[in-house]
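Just follow the structure's listing: the first ligand is 1, and inside any ligand the first atom is 1.
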Amino acid sequence: MNNPTAKASIEKLETYKPNFGKSKINNLIRLSANEGALGTSLKAIKALNSFTQNINRYPPQIGDDLISAIANRYSLDKKKIILGNGSDELISIITQAFLESTDEAIYTEFGFLQFPQAISVAGAKGIVAKDVNFTANVDNILSKINKKTKLIFLANANNPTGTFIPKEEVIRLHKSMPSNILLVYDAAYSEFINNDDYIDGSSLVNNHDNVIMLRTFSKLHGLASLRLGWGYCSEYILTNLMKVRGPFSVNSAAMLAGIAAIEDIEFQEKSVSHNLEWMRWFEKELKLLNLDFQTSVTNFLLIKFPNNVLNSAQNAVKFLAEKGILVRGMNAYGLPNYLRVSIGNEEENIIFIKQLKSFLDN
Ligand SMILES: Cc1ncc(COP(=O)(O)O)c(C=O)c1O
């Protein structure tokens, strides 16, 4: 009679379902998940093809080779790098390792949805700090701090808005928060950002013990399917995260591909310049279509649709899916009249804009 029940904090939650869209068309153009526009580095694919031995063996628990490759690439301290099964896993284990059920964790209004999900799964209380003009706001974050605050999540740049807060604001936030609060600085899109006002958070980690920077191989490096992310933090934080992380959560294939990808600077540079070039093109085309959008430093754009029902974002998502183009509706973020579109390859971008135009002309 009495079936086992999940914890009350889990039972009341919805499963996090990133809605990448559906279409009956086979040859899909998928611009709904902020994945790399140019696919994957050929060097990473070659490394994966060579992965034919020791498949029966467990992967290394720590992943020294990949950690060294990351440390070399970005001039970082090896001892502060932790690998994860995607940065999603790191977000989860941070909340599990640091949040008691009586704690609060702050996240920003249109911040990445995994933050509130992970906070709730950990059984703690999520507190929203309002954005200003779709951008995280330091004063609003600071105003939410109280004695119960344990964590602050900041995606900089943020998904789905594409906006970022400048270096001085990040430093002001860090300086103004008590040092017993952990700042989780999610820099998933940092490699795309070409702006002197931006910091990826690594210098904060080098100088302070209450910051963790998160990075991913899913975006610039095009390795989303392998699930590979990394964090940069104090050895104290790292040691405690390793107690929670599955001992073998990062697999050997992902590590091999990750090393090849991070060393393939040519592919990275090509991807960044492709993104910048097509971002400027998207901006121009969207203006011609009279659509509002947030200026984005990432590899995606948040587009606002007119308020009339016919031309709504939700109808656009359906219309585009029928043409085989997947974009991301923003209902889950409480933004029903917006959609998010990733920068694709040249052909995909041109087809997307052409179909968007024909939708608006309807
Ligand atoms: C801000 C942000 N953080 C983290 C992630 C998750 O990345 P990963 O694929 O490494 O789990 C995403 C993916 O969309 C993201 O946008």
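Looking only at atom types and distance, the side chain of N140 has no donor-acceptor partner in the side chain of S143 under 3.5 Å away.
Residues satisfying the side-chain hydrogen bond (donor to acceptor under 3.5 Å, both in side chains) criterion with E263, sequence neighbours excluded, are absent altogether. By the ring-ring contact (aromatic ring centres under 6.0 Å, His included) test, F164 is found to be paired with Y198, residues two or more places apart in sequence or in another chain being considered.
Protein residues with a heavy atom under 4.0 Å from ligand 1 are G86, S87, D88, F112, N159, D186, A188, Y189, T216, S218, K219, R227.
For residues 123-142, the ring-ring contact (aromatic ring centres under 6.0 Å, His included) pairs, not counting sequence neighbours, are F110-F134, F134-Y338.
Checked options N156, T298, N34; the residue passing with Y189 is N34 (criterion: side chain to side chain donor-acceptor pair (under 3.5 Å)).
E347 CD: 12 or fewer foreign heavy atoms inside a 6.0 Å radius.
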